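Reviewing the structure listed below.
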Number of protein chains: 2
Amino acid sequence: MSTPDDLFGPDNLPYGLFTTADDPGHRRVGVRYGARVLDAGAAAAAHGSPHAELLRQPSLNPLMAAGRHVWQAVRGALRSWLTDEAHREATERHLIPLDEVTLHLPFEVADYVDFYASEHHATNVGRIFRPDGDALTPNWKHLPIGYHGRAGTVVVSGTPVVRPQGQRKPPSEPLPLFGPSQRLDIEAEVGFVVGTPSAQGTAVGLPDFRDHVFGVTLLNDWSARDLQAWEYVPLGPFLGKSFATSVSPWITPLEALDAARVAPPSRDFPLLPYLDDSADGIAPGGLDLRITVRLNGHTIAEPPFSAMYWTAAQQLAHMTVNGASLRTGDLYGSGTVSGPEHSQRGCLLELTWGGREPLVLPDGKRAFLEDGDEVSLSAWAPGPGDTRIGLGDVTGRVAPPR
Amino acid sequence: MSTPDDLFGPDNLPYGLFTTADDPGHRRVGVRYGARVLDAGAAAAAHGSPHAELLRQPSLNPLMAAGRHVWQAVRGALRSWLTDEAHREATERHLIPLDEVTLHLPFEVADYVDFYASEHHATNVGRIFRPDGDALTPNWKHLPIGYHGRAGTVVVSGTPVVRPQGQRKPPSEPLPLFGPSQRLDIEAEVGFVVGTPSAQGTAVGLPDFRDHVFGVTLLNDWSARDLQAWEYVPLGPFLGKSFATSVSPWITPLEALDAARVAPPSRDFPLLPYLDDSADGIAPGGLDLRITVRLNGHTIAEPPFSAMYWTAAQQLAHMTVNGASLRTGDLYGSGTVSGPEHSQRGCLLELTWGGREPLVLPDGKRAFLEDGDEVSLSAWAPGPGDTRIGLGDVTGRVAPPR
């Protein structure tokens with residue numbers, strides 16, 4: 001078991017947004033360091049940093065919009081303030097214990113896109129939802145399939161998730177029924193947060209990924225499978241997803257994951273040039289992130305992000321190849337992370353095979369989520385040397401419909 | 001042919017956002033009156049209005065967020081300033097000729113949702129895209145099918161639309177091809193703009209429609225049919241739509257369309273209570289809006305909005321029934337408006353039956369759009385007495401890929 005000091009050391013330094021009880025209206029940019037939060041704006045002012053104004057904004061968006069050179073400069077400065085002997089004392093007074101702060105949604109979400117990039121997940125879901133057809137659609141290995149979700153219902157970890165109501169149509173019924181979802185599920189995903197915008201009518205190529213993506217967060221794409229199954233043909237998921245998407249309060253800078261970069265799985269088909277990450281000069285786009293999914297405290301899955309067929313860089317290139325612009329705050333989810341093993345499946349739909357094989361937990365069986373259930377995602381990646389880089393947890397408890 | 005004075009008289013008063021050449025950085029709320037624009041903030045200040053501050057913001061969003069009572073009060077005041085003998089002279093100096101202003105995207109788009117609510121359109125598209133299956137999916141008459149689109153690429157009328165590039169796979173090819181879309185299309189739609197937000201976890205019922213929806217705009221949902229056909233199974237349209245969506249610079253208040261309210265078509269199936277607009281106390285949700293679609297100046301279709309199977313109130317109720325919240329600036333499109341006649345089809349896909357029956361125009365044949373083509377949507381609705389209420393035109397010209 002890693003401690004906060006192990007997971008949130010000087011090589012991590014994720015960003016968040018916090019308030020304190022004595023100044024609840026004043027949102028401040030924070031940087032997690034072990035079990036404490038650095039008031040980044042106050043520290044920057046104390047150290048006479050040229051970036052103090054940027055770090056004193058009530059949102060991460062201005063820093064995210066400032067571009068990669070500024071991200072690198074600010075990260076270097078933060079590390080120096082926290083670890084250099086000459087700076088540590090002046091920094092210390094701006095470190096606040098985690099349990100004394102309230103964490104908020106760290107950035108304003110512009111557009112939210114959700115992908116479907118795990119071959120294991122897509123194969124399993126295809127078999128469950130479309131047992132008479134091919135598990136993967138013909139396009140699946142040629143492009144990273146994605147769709148837009150609802151940006152306005154992205155919430156920070158800890159926000160209760162009200163069980164959605166809606167239409168469902170069991171095969172036995174002649175007409176759809178209305179009521180609370182009976183098949184509420186989670187999807188363990190990794191979210192990528194765009195910093196630098198791009199112009200409408202231009203594409204962002206694979207090599208430009210790191211100029212545009214600011215950082216990484218864990219993401220739970222709550223899903224009402226019964227609503228989704230009835231609505232999703234022909235235009236895709238809508239109400240089965242739009243009620244809530246939870247993200248971690250911490251955005252880990254992409255640079256903190258440099259030691260975790262791995263090659264993606266080998267491709268079954270040659271890729272079109274804009275997606276071809278085997279070309280010279282394209283760095284490996286996979287990430288060795290190890291995710292743990294807990295339900296009421298019990299580990300139910302350990303999905304490996306390194307098994308994803310499509311990388312975040314390919315997703316960004318695809319998302320913009322038609323000229324769609326990026327805005328600061330755009331968020332895109334990887335899609336459910338599932339590995340080849342049963343214990344590596346990132347949602348209950350797969351873990352229980354459509355509900356037919358319930359999980360047996362110490363506090364009872366679960367096919368899908370019950371009111372009061374709490375789901376938590378955590379993850380870490382290899383850092384420099386023997387270190388680990390933790391992503392912030394994302395947790396949510398199911399509340400009954402109002 | 002109606003004149004601007006007929007279409008934008010004192011019963012219309014749509015809102016927009018403008019700048020003038022002598023103060024290009026200063027965005028101001030404008031109200032269209034005939035062929036002129038009222039500087040609403042300046043007029044409000046001149047008349048000592050309590051709403052002057054709200055109307056002097058550089059965006060419509062604050063007024064939209066202020067709620068229905070404020071919308072009604074401001075509308076009443078505007079009408080009085082423009083038409084009452086006692087006020088007209090003081091108002092006159094704040095009216096600027098339309099050709100002296102630049103019009104901007106009138107509000108900041110929060111989430112963008114696109115529906116699929118015309119039975120005629122959905123039937124035609126189903127026959128074209130899925131010739132071997134049922135034209136309508138089994139869910140179509142039980143819920144208004146919709147999906148989220150890209151809010152960040154909604155642009156104001158007049159913005160050039162760069163032809164998107166992407167993957168397409170003609171049936172004759174073993175692998176997908178990459179390049180500029182060969183089947184660029186339009187969709188003539190009506191957009192609804194949300195003013196008053198709602199809380200996550202709660203639903204907005206049919207009777208509350210007018211408390212939340214601020215107004216109406218014309219919308220062109222540009223569509224790359226070849227990209228869409230290859231990508232849309234199983235998660236819906238993505239790059240085939242996300243490159244651009246054009247809206248009119250004018251938002252017509254819902255109240256201006258009161259005289260245009262009509263009963264929707266009769267329903268083939270009983271609706272679940274949250275969608276049942278035949279219940280007592282629910283006002284008719286259809287709107288008698290008559291749309292004209294022009295391609296390079298030639299009328300190619302006249303779709304009747306009154307033929308839509310699902311109403312905007314039903315769409316709002318459906319969109320929130322799962323507890324999804326509304327934000328000020330949420331925009332939702334009706335879906336392509338098509339009537340039962342050939343001349344009433346709201347997109348080229350239908351008008352040319354998948355490109356097989358090109359339109360013959362004075363300047364050549366068109367299956368889909370060519371670079372340089374200009375598409376314009378206009379619409380009017382019956383107003384009080386013999387008057388007409390015009391929606392602002394939405395126009396866009398196709399630019400070649402960069």
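None of the values given here were measured: they were computed from a predicted structure. Letters A, B, ... are given to chains in the order of the sequence lines, protein chains preceding strands, and every chain is numbered from 1.
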inquiry  = Counting heavy-atom pairs under 4.5 Å with chain B, which one of A/Trp230, A/Phe178, A/Tyr232 comes out on top?
reply    = A/Trp230
key: Value rounded to 0.5 Å, distance of CG in B/Asp330 from CZ in A/Arg150   = 4.5 Å
ask   = Is it the side chain or the backbone of A/Val155 that comes within 4.5 Å of chain B heavy atoms, both, or neither?
value = side chain
ask   = Is there side-chain contact between A/Pro234 and B/Tyr116, with at least one heavy-atom pair below 4.5 Å?
value = yes
request  = Over 60° means perpendicular and under 30° means parallel, so classify the ring planes of B/Phe238 and A/Phe115, tilted if in between.
outcome  = perpendicular
query = Do you know the tightest heavy-atom contact between B/Ser242 and A/Ala324?
reply = O-CB, 3.7 Å
request  = For B/Leu235 and A/Tyr147, work out which heavy atoms get closest and say how close.
outcome  = O-CB, 3.4 Å
query = Do you know the tightest heavy-atom contact between B/Gln200 and A/Arg402?
reply = O-NH1, 2.9 Å
note = Pair count under 4.5 Å, heavy atoms only, with chain B: among A/Thr202, A/Leu272, A/Val109, A/Asp114, highest is A/Leu272
task = Please flag which part of A/Tyr112 lies under 4.5 Å from any non-hydrogen atom of chain B: side chain, backbone, both or neither.
result = neither
message = So if I take each residue of residues 138-146 of chain A and look for any heavy atom under 4.5 Å from a heavy atom in chain B, which residues do I end up with?
response = A/Pro138, A/Asn139, A/His142, A/Leu143, A/Ile145, A/Gly146
message = Quick check on A/Leu175 against chain B: is it the side chain, the backbone, both or neither that has a heavy atom closer than 4.5 Å?
response = side chain
key: Residues in salt bridge (charged side-chain N to carboxylate O under 4.0 Å, His left out) contact with A/Asp111, at least two apart in sequence or another chain   = A/Arg327
query = So which part of A/Phe269 gets closer than 4.5 Å to some heavy atom of chain B, the side chain, the backbone, both or neither?
reply = side chain
remark   = What one should report as the nearest heavy-atom pair of B/Gly166 and A/Val321 is CA-CG1, 4.5 Å
remark   = Closest non-hydrogen contact found for B/Ser325 with A/Gly152 is OG-O, 3.7 Å
remark   = Ranked by heavy-atom pairs below 4.5 Å to chain B, first place among A/Val162, A/Val233, A/Asn322 goes to A/Asn322
